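Computed from a prediction, not measured in an experiment: that's the story for all the values here.
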Amino acid sequence: MNGFFDVFSDYTFIIVAFGSAALGGISGVIGSFAVLRRQSLLGDGVSHSALPGVVAAFLITGIKNTSVLLLGALISGLLAAVLISAAVKRSKIKFDAALAVVMSTFFGLGTVLLTCAQKLPDATQAGLSAFIYGQASSMLKSDVILIFACSVVLLAGVLLLWKEFKLFSFDRDFAVQSGYSEKLLSLVLSLMTVTTVILGIQTVGVVLMSAMLITPAAAARQWSDRLCVMVILAAVFGGASGVIGAYASAVGNGLPTGPAIVIAASVTAIISLLFAPKRGIINRIIKRRRSRLKLTVTMQNGQEGGDRA
């Protein structure tokens, strides 16, 4: 039992757990709107498109500073989001096709740049490949402060524009008719999504960040039809997944934190899909069987009544 609690006194674990919890919480909040807008894959496209920005920032500056690398990732991610949006609006290409093209192009470019960076004399000190799968164990106190600060700003933005986001997510046409700017709201939501994805690159990596953004929100969607409840549940699921993943990584031998966090979130989603009261698969099966049984009994009673008559 003492071994179970010993990890909670470890400074590295506390830093990683707090950072992962904050990241999971804000990912759940922002991911909820992506799920409702049916743009769940946007996070996947942005996360993969951030890789060339990370490598380019290192090649230009020559230093491995987290803030500089994340700034490069932010610029690259925003550029990818703008290109996807422009391709959808100004051509006959659909969203999924535009996303696939932009994502594959940017990720391929990032891989090429990463190969070039590894050939430099100081390539052993670059450590840029860690951004592909994440390296939460290297998280510093300054990184956690950055995640918390950005999370507070994003959460404040959501609360400030709650009514607009709610209307835009459920009924875009009515929101436009009510005088709200579709372009502005879409831009703000995309910017928030990109920022959230960039925050999680160091922890979860470009490959798995989309799962961190969408999975808690998808799990929360199974439990409630109310947006406020869904957002709160998504934040709780995401934050809890971050802590559980950090703990599993701390007690496991060589278990990477990022994949552990995603697995914890995925287990939550599976449980929600199966056992949620309204939308759960098990509950639907039970209700269907009860309805069939009730219908059978009703038909039998009616037949018996007809025979008596």
Side-chain angles (χ1 to χ4, degrees), residues 23 27 31 34 39-88 93-139 143 190-191 193-215 245 249 254-263 266:
L23 174 64
S27 295
Q39 292 190 349
S40 302
L41 291 176
L42 180 61
D44 194 24
V46 171
S47 60
H48 283 74
S49 301
L51 182 60
V54 172
V55 185
F58 171 76
L59 291 174
I60 293 172
T61 61
I63 58 174
K64 186 193 172 186
N65 183 282
T66 303
S67 300
V68 174
L69 298 181
L70 291 182
L71 177 61
L74 178 62
I75 295 173
S76 182
L78 286 174
L79 179 60
V82 170
L83 289 176
I84 293 170
S85 178
V88 172
I93 300 176
K94 294 186 178 181
F95 175 78
D96 55 347
L99 185 143
V101 172
V102 173
M103 178 182 68
S104 57
T105 302
F106 272 66
F107 191 72
L109 176 61
T111 305
V112 171
L113 292 177
L114 185 61
T115 303
C116 295
Q118 290 174 343
K119 293 181 180 180
L120 296 176
D122 56 349
T124 54
Q125 299 176 2
L128 300 177
S129 58
F131 282 88
I132 297 179
Y133 299 106
Q135 194 173 13
S137 58
S138 64
M139 193 181 297
D143 299 328
S190 297
L191 179 61
T193 302
V194 172
T195 304
T196 305
V197 169
I198 301 308
L199 284 176
I201 285 180
Q202 185 182 9
T203 305
V204 185
V206 300
V207 175
L208 298 175
M209 185 53 207
S210 59
M212 191 62 191
L213 183 72
I214 299 304
T215 307
S249 177
L255 182 65
T257 307
I261 294 173
V262 172
I263 289 174
S266 299

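In this structure, OG in Ser49 is found 14.0 Å from CD1 in Ile75, a value given to the nearest 0.5 Å. To the nearest 0.5 angstrom, Phe106 atom CZ is 12.5 Å from Ser47 atom OG. Interatomic distance, Asp143 CG to Leu23 CG, rounded to the nearest 0.5 Å: 11.5 Å. The distance from the OG1 atom of Thr196 to the CE atom of Met209 is 6.5 Å, given to the nearest 0.5 Å. Atom CG in Leu78 sits 4.5 Å away from atom CG in Leu74 (nearest 0.5 Å).
You'll find the side chain of Leu113 reaches within 4.5 Å of the side chain of Leu59, heavy atoms only.
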Thr215 and Val262: CA distance, side-chain angles, deciding distance, side-chain contact (heavy atoms from CB on, under 4.5 Å) verdict: CA-CA 8 Å; Thr215 307; Val262 172; 5.6 Å; no
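The two residues Phe95 and Val88 come nearest to each other via the heavy atoms CA-CG2, 3.6 Å. In this structure, Ala97 and Ile93 approach most closely via the heavy-atom pair CB-CG2, 3.7 Å. When all heavy atoms are compared, the tightest approach of Ala34 to Ile214 is CB-CD1, 4.1 Å. Nearest heavy-atom pair, Ser27 versus Met212, reported as atom, atom and distance to 0.1 Å: CB-O, 3.5 Å. The two residues Val101 and Thr105 make their nearest non-hydrogen contact at O-OG1, 2.7 Å.
Residues passing the side-chain hydrogen bond (donor to acceptor under 3.5 Å, both in side chains) test with Ser210 are Asp44, sequence neighbours excluded. Applying the side-chain contact (heavy atoms from CB on, under 4.5 Å) rule to Ala73 yields the partners Ala50, Val54, Ile198, Ile201; only residues at least two apart in sequence or on another chain are considered.
Looking at Ser249, its side chain never comes within 3.5 Å of a backbone N or O of Gly245 through a donor-acceptor pair. A donor-acceptor pair under 3.5 Å is absent between the side-chain atoms of Ser76 and the main chain of Gly72, judged by distance alone.
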